[in-house]
2 protein chains.
Amino acid sequence: MDTLVQQVATRLRDEGGRMTSQRRLILQALEELGGHPTAEEIFRHVSRQSPGINLSTVYRTLNWLEENGFIAPRWFEEERRRERFEPAVQIARSHHPTPFHFRCRSCNRILEFADPRMEEIVAQFERRSGARVKDVELTLYGLCQTCAKTESLSGTSPHHEGFIR
Amino acid sequence: MDTLVQQVATRLRDEGGRMTSQRRLILQALEELGGHPTAEEIFRHVSRQSPGINLSTVYRTLNWLEENGFIAPRWFEEERRRERFEPAVQIARSHHPTPFHFRCRSCNRILEFADPRMEEIVAQFERRSGARVKDVELTLYGLCQTCAKTESLSGTSPHHEGFIR
DNA sequence: TAATTTATTGCAAAACATTTGCAATAGACA
DNA sequence: TGTCTATTGCAAATGTTTTGCAATAAATTA
Ligand SMILES: [Mn+2]
Ligand SMILES: [Mn+2]
Ligand SMILES: [Zn+2]
Ligand SMILES: [Zn+2]
């Protein structure tokens, strides 16, 4: 049990599912793309290998992978309707390795980080509220190092290029 | 300059806009509803007063209020497409009074909280990454006190009622 | 107060991301 | 190789938000 495809195949077999060529391609796309690709991006990637594949197949597969803990979706503010799926690099972990994100409002670059102090913040909230916290979503928005520099040079934001998506 | 309607009217006048009966109703709805209403909920609320009002008018007004810093949108995970607007209780502040949220996955109740330690977490991220952080979004998900109790009594979640929406 | 200007509205249609019903296809297993 | 049925492709539906446009009504002017 090593590659993503194999792990998924095993889980699939356990519940009477089938490993198909489409699912194999989508899993490879997740590994090759990394980062936080959208369903659309994954679709375009697999379409190069296999032009016949359908967008709804991508959605169905992504949903199954999510329900089975292989990937996790993320949402970033204005992108109201776009889902970005965590790469399936750390498989079968329900929690993200470095769960927190920073997103540059100028170039859309995403940085990941972790901070042990979050744990105490959550613990205190639980004590005070009586609630039981299962998941934590922390996202910072602003300008990445590169964009912050460009910004300060040219006065009011010239919306420079260098986009990631 | 005291009520929300008056503040908005002033801003409107400053930029050649007009205070309409529809906008007045929507602003009253924001005050009366409080919490984190959706566009749809605001629409239903104003429709009771004035059945002729149109959903797109609600959206257009909400967008204008957002662009002008009177309200702020929030997104909560699975509700992929629903926007919840912060009430306009604290007007003309670009930052939310208590910026962090907890949302119960069982009853959808939302609790708000603040924690001064977040500031140091953000500051450290800025130092290490070189990025400039403008906004912080922290959302916790889990079970509120009430739902946590019910849950523990009855074994596997019976998805009890008492919904907020 | 009436006329003028044009921002705003209601309406219907479009946009956009995602889901779903269904008949055809193709994995898995005997 | 044949059987069973999970999965696919396709087209249509869904749910939310936006947009074009002619009609309406705030605000300003005469
Ligand atoms: Mn990530
Ligand atoms: Mn809030
Ligand atoms: Zn940047
Ligand atoms: Zn609850």
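Lettering of chains follows the sequences in order, A, B, ..., and the numbering in each one begins at 1.
For B:I53 and D:dT24, the CD1 to C1' distance is 14 Å, given to the nearest whole Å. Residue B:W75 contributes atom CH2, which lies 22 Å from atom P of D:dG15 at whole-angstrom precision. Atom CH2 in A:W64 sits roughly 17 Å away from atom P in C:dT19 (whole-Å rounding). Rounded to an integer number of Å, the gap from B:E67 CD to D:dT17 C1' is 14 Å. At whole-Å resolution of the value, CZ in A:R11 and P in D:dA6 are 18 Å apart. If you take CE of A:M19 and C1' of C:dA28, they are 13 Å apart, rounded to a whole angstrom. Taking atom CG on B:L12 and atom P on C:dT8, their separation rounds to 6 Å, with Å as the unit. Between A:R24 atom CZ and D:dT8 atom P the separation is 11 Å, expressed in whole Å.
Side chain of A:R18, nearest nucleotide from C:dT8, D:dT8, C:dA26: C:dA26. Candidate nucleotides D:dT17, C:dT9, C:dT18 were compared by shortest atom distance to the side chain of B:Y59, and D:dT17 ranks first. Here the side chain of B:T57 is nearest to one of C:dT19, D:dG9, C:dT9, namely C:dT9.
Look at A:T38 and you won't find any side-chain N or O under 4.0 angstrom from OP1 or OP2 of C:dA17. The phosphate of D:dT18 (OP1 or OP2) has a side-chain N or O of B:N63 nearer than 4.0 angstrom.
If you find the closest nucleotide of DNA chain C to A:S56 and to A:E40, the one lying nearer the 5' end belongs to A:E40. Mapping B:R13 and B:L55 onto DNA chain D via the closest heavy atom, the residue that lands nearer the 5' end is B:L55. Residue order along DNA chain D, read from the 5' end via each residue's closest nucleotide, puts B:N54 first among B:G17 and B:N54.
By the neighbour-count criterion of 12 heavy atoms within 6.0 Å, atom CZ of A:R127 is densely surrounded, having more than that number from other residues, nucleotides or ligands.
Contact annotation: side chain of A:R60 to base of D:dG9, donor-acceptor pair present below 3.5 Å.
B:L12 is connected to B:I53 through a chain of hydrophobic side-chain contacts under 4.5 Å among Ile, Leu, Val, Met, Phe, Trp and Tyr, so both are in one cluster. The hydrophobic clustering, which links ILVMFWY residues whose side-chain heavy atoms are closer than 4.5 Å, places B:I71 and B:I26 together.
Aromatic ring orientation, A:H36 versus A:F76: perpendicular (interplanar angle above 60°, classes split at 30° and 60°).
Here A:Q22 lies in heavy-atom contact (under 4.0 Å) with sugar-phosphate atoms only.
Between the CZ atom of A:R24 and the CD atom of A:Q6 there is a distance of 11.0 Å, given to the nearest 0.5 Å.
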